[in-house]
Amino acid sequence: MSKEDSHIVPKTYIAQFTNANGRLLKIKKDILKFPKTSNELYPSSVCYMDNFYRFENPLFIQMHKINDPSFVEKNSFKLYENRLGKILDKIVKRQPFLSDDDAFTLIFALLSMKQRNKVVRKGITKDRINTYFDEQISEYNQDTNFTQNVSEAFNLSSSEIIETLEKMRSKWAEDSNTPKDLHNSYLISSHSNNDSFLVKLATYLMQFAWFIFETKSDDLIVTSDNPGFCIDNENLYNKKFDGTFEFIYPLNSNNFLRISNRFKDKQPLKDLKKLDGRFFSSSEVQKLNRCSFALADEE
């Protein structure tokens, strides 16, 4: 099987944390102490896993009506990866505004990184798969019109359809590739459907004020293979967008984005997203980095 360029964090994002030599320092997480050693690596060799987004079961390929097992990596992520670097460059150059389209692409990309991560895939357990089938069978049994239509379409009795679903449940639950294929299916749906949760959440976050914080050149911001986090009442979360929250996302070694639903956006110009610039102190940078380490340790 040929290797596909499967980065769980896009290279265009990782490149924002490189030094003058085009490399970045990779350190192992340790929440109790700052690592004493680090490796200097190129972005192409970091957060990479061979064929991480490749479909293994041909059935899933047929379900999505695609021909390429590597469709997710080659198509879904390209919606923003080709533009992300240029948008981040605009922010670094202190451009006070982004077009609404650029702003949406940026927040969509940052949220997508949370979805495409291996943390999400690990959550697709046997219990989750069984729950999914329980819901499908329950929905089938409760909707008599749907039951009749399915029976007529497949020329099967209700008991035969339930039996087929149970066989699928058993096969999917025992197949080690099922979490991977289900995760890939989720990624295709969330990146190609204009009514997906990912699109709705990005649109929701567009309505709040965006603050771009800058640090001193020697106050470096760290990121992880699961970048960004939410804070609600001083509690740290991977994702949490209900209640009063702050969404914090490192953009490069000296800038990060903060969105809070405590601040409504006040658009001064049509079709532009204002970027409020702020300075961040050394002590605050340390707190920010500890949050990134803590989330990496937890997740």
Side-chain angles (χ1 to χ4, degrees), residues 6-49 52 84 88 91-92 106-107 109-123 205 210-260 278-299:
S6 295
H7 274 81
I8 61 174
V9 180
K11 288 181 288 185
T12 50
Y13 173 77
I14 300 173
Q16 304 300 318
F17 297 85
T18 56
N19 57 22
N21 296 324
R23 298 183 182 184
L24 71 159
L25 296 178
K26 178 184 177 183
I27 52 182
K28 292 185 178 181
K29 61 181 174 61
D30 189 333
I31 194 172
L32 298 179
K33 59 183 180 180
F34 195 82
K36 296 180 180 180
T37 60
S38 62
N39 297 319
E40 197 173 86
L41 302 168
Y42 287 109
S44 59
S45 63
V46 177
C47 296
Y48 174 87
M49 302 181 72
F52 189 68
L84 180 58
L88 291 173
I91 294 175
V92 173
L106 173 64
I107 196 62
L110 302 184
L111 293 170
S112 170
M113 287 186 230
K114 305 296 286 184
Q115 286 195 341
R116 64 193 274 180
N117 198 272
K118 59 183 180 181
V119 172
V120 178
R121 185 173 295 179
K122 286 181 179 178
L205 293 177
W210 289 19
F211 298 93
I212 306 296
F213 284 84
E214 179 183 3
T215 70
K216 293 188 300 183
S217 59
D218 56 347
D219 283 335
L220 300 181
I221 299 171
V222 301
T223 190
S224 74
D225 61 355
N226 182 20
F229 51 84
C230 287
I231 296 177
D232 182 357
N233 293 323
E234 300 186 354
N235 293 316
L236 181 66
Y237 299 91
N238 183 25
K239 300 186 294 288
K240 188 179 187 298
F241 297 101
D242 56 352
T244 301
F245 68 84
E246 288 187 356
F247 183 46
I248 297 174
Y249 217 106
L251 301 178
N252 58 39
S253 298
N254 295 106
N255 292 269
F256 71 90
L257 169 68
R258 186 180 75 180
I259 303 174
S260 173
R278 301 287 175 88
F279 179 74
F280 213 53
S281 70
S282 299
S283 61
E284 291 172 317
V285 173
Q286 293 178 18
K287 292 179 182 178
L288 174 72
N289 287 340
R290 281 199 293 270
C291 286
S292 291
F293 271 97
L295 185 66
D297 190 67
E298 178 183 341
E299 298 290 353

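Side-chain atoms are counted along with the backbone in the values below, which use heavy atoms only and exclude waters and symmetry mates.
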**Student:** Quick one: are Asn252 and Leu88 in side-chain contact, heavy atoms under 4.5 Å?
**Tutor:**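 The answer is no; the side chains never approach within 4.5 Å.
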
**Student:** Considering non-hydrogen atoms only, spot the tightest contact between Leu24 and Tyr42 and give its length.
**Tutor:**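 Where Leu24 meets Tyr42 most closely, the heavy atoms are CD2-C, 4.0 Å.
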
**Student:** Within the structure provided, determine whether Leu84 and Met113 are in side-chain contact (heavy-atom separation under 4.5 Å).
**Tutor:**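 Counting from C-beta outward, Leu84 and Met113 do come under 4.5 Å.
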
**Student:** Would you be so kind as to tabulate the donor-acceptor pairs closer than 3.5 Å made by side chains of residues 227-235, with sequence neighbours excluded?
**Tutor:**
{"from": "Asp232", "atom 1": "OD2", "to": "Lys240", "atom 2": "NZ", "distance (Å)": "2.6"}

**Student:** Looking only at heavy atoms, what is the nearest atom pair of Pro43 and Ala15, with distance?
**Tutor:**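 That would be CG-CA, 4.1 Å.
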
**Student:** Within this structure, what is the SG-OH distance for the pair Cys47 and Tyr13, rounded to the nearest 0.5 Å?
**Tutor:**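 That separation rounds to 9.5 Å.
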
**Student:** Ring of Phe211, cation from Arg278 - is the NZ or CZ under 6.0 Å from the centre and inside 45° of the axis?
**Tutor:**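 Arg278 over Phe211 ring: no.
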
**Student:** Ignoring hydrogens and geometry, is there a side-chain-to-backbone donor-acceptor pair from Trp210 to Ser260 under 3.5 Å?
**Tutor:**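 Looks like no, no N/O pair under 3.5 Å.
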
**Student:** Could you grab the distance from atom CZ of Phe245 to atom NZ of Lys239, nearest 0.5 Å is fine?
**Tutor:**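 Taking CZ in Phe245 and NZ in Lys239, the distance rounds to 13.5 Å.
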
**Student:** List for me each residue that meets side chain to side chain donor-acceptor pair (under 3.5 Å) alongside Thr244, sequence neighbours excluded, and say none if there are none.
**Tutor:**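 Thr244 satisfies side chain to side chain donor-acceptor pair (under 3.5 Å) with no residue once adjacent residues are dropped.
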
**Student:** Working to the nearest 0.5 Å, report the span between OG1 of Thr223 and CD1 of Ile14.
**Tutor:**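 Thr223 atom OG1 to Ile14 atom CD1 measures 9.0 Å (nearest 0.5 Å).
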
**Student:** Contact between Cys291 and Ile248 at the side-chain level, heavy atoms closer than 4.5 Å - yes or no?
**Tutor:**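 Counting from C-beta outward, Cys291 and Ile248 never come under 4.5 Å.
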
**Student:** Run Phe52 and Arg121 through side-chain contact (heavy atoms from CB on, under 4.5 Å) and show every step you take.
**Tutor:** CA-CA 10 Å; Phe52 189 68; Arg121 185 173 295 179; 3.3 Å; yes

**Student:** Hey, could you give me the NZ/CZ distance between Lys26 and Phe17, rounded to the nearest 0.5 Å?
**Tutor:**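 It is 15.5 Å, given to the nearest 0.5 Å.
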
**Student:** Among residues at least two apart in sequence or on other chains, which ones pass ring pair (Phe, Tyr, Trp, His ring centres under 6.0 Å) with Phe247?
**Tutor:**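 Result, ring pair (Phe, Tyr, Trp, His ring centres under 6.0 Å) vs Phe247: Phe241, Tyr249.
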
**Student:** Please list, chain by chain and in numerical order, all residues satisfying side-chain contact (heavy atoms from CB on, under 4.5 Å) with Asn19, sequence neighbours excluded.
**Tutor:**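 Partners of Asn19 under the side-chain contact (heavy atoms from CB on, under 4.5 Å) test: Asn21, Arg23, Glu40.
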
**Student:** Using the side chain to side chain donor-acceptor pair (under 3.5 Å) criterion, which residues pair with Glu246? Sequence neighbours excluded.
**Tutor:**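 Result, side chain to side chain donor-acceptor pair (under 3.5 Å) vs Glu246: Arg262.
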
**Student:** Under the side-chain contact (heavy atoms from CB on, under 4.5 Å) rule, what do Val222 and Leu288 come out as? Steps first, then yes or no, please.
**Tutor:** CA-CA 9 Å; Val222 301; Leu288 174 72; over 6 Å; no

**Student:** When you measure from the side chain of Gln16 to the backbone N and O of Thr12, does any donor-acceptor pair fall under 3.5 Å?
**Tutor:**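 At least one qualifying donor-acceptor pair exists.
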
**Student:** Report the residues that fulfil side chain to side chain donor-acceptor pair (under 3.5 Å) with Asn289, sequence neighbours left out, ordered by chain and then residue number.
**Tutor:**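 Partners of Asn289 by the side chain to side chain donor-acceptor pair (under 3.5 Å) criterion come out as none, since no residue qualifies.
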
**Student:** Would you say the side-chain atoms of Asn238 and Asn226 include a donor-acceptor pair closer than 3.5 Å?
**Tutor:**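 Yes, side-chain donor-acceptor contact under 3.5 Å.
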
**Student:** Below 30° counts as parallel, above 60° as perpendicular, anything between as tilted: where do the rings of Phe213 and Phe256 land?
**Tutor:**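 Because their plane-to-plane angle is under 30°, the rings of Phe213 and Phe256 count as parallel.
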
**Student:** Could you report the tightest heavy-atom contact between Thr215 and Asp219, atom names first, then the distance?
**Tutor:**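 Shortest heavy-atom contact: OG1-O, 2.7 Å.
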
**Student:** Work out which heavy atom in Ser224 is nearest to a heavy atom in Val9; give both atom names and the distance.
**Tutor:**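 It is O-CG2, 4.3 Å.
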
**Student:** Can you tell me how far CG of Leu205 sits from CD1 of Ile107, rounded to the nearest 0.5 angstrom?
**Tutor:**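 Between atom CD1 of Ile107 and atom CG of Leu205 there are 5.0 Å.
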
**Student:** Any idea which heavy atoms bring Ser44 and Lys11 closest together, and the distance?
**Tutor:**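 Closest approach of Ser44 to Lys11: CA-CD, 3.7 Å.
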
**Student:** Go through Leu41 and Leu25 one step at a time and tell me if the side-chain contact (heavy atoms from CB on, under 4.5 Å) criterion holds.
**Tutor:** CA-CA 6 Å; Leu41 302 168; Leu25 296 178; over 6 Å; no

**Student:** Report yes if the side chains of Lys118 and Asp225 come closer than 4.5 Å at any heavy-atom pair, otherwise no.
**Tutor:**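 They are in side-chain contact.
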
**Student:** A side-chain contact here means heavy atoms from C-beta on lying under 4.5 Å apart; do Asn255 and Ile221 qualify?
**Tutor:**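 When only atoms from C-beta onward are counted, Ile221 and Asn255 do not touch, as no gap falls below 4.5 Å.
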
**Student:** Ignoring hydrogens and geometry beyond distance, is a side-chain donor-acceptor pair present between Ser281 and Glu284 at under 3.5 Å?
**Tutor:**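 Distance-only check passes for Ser281 and Glu284.
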
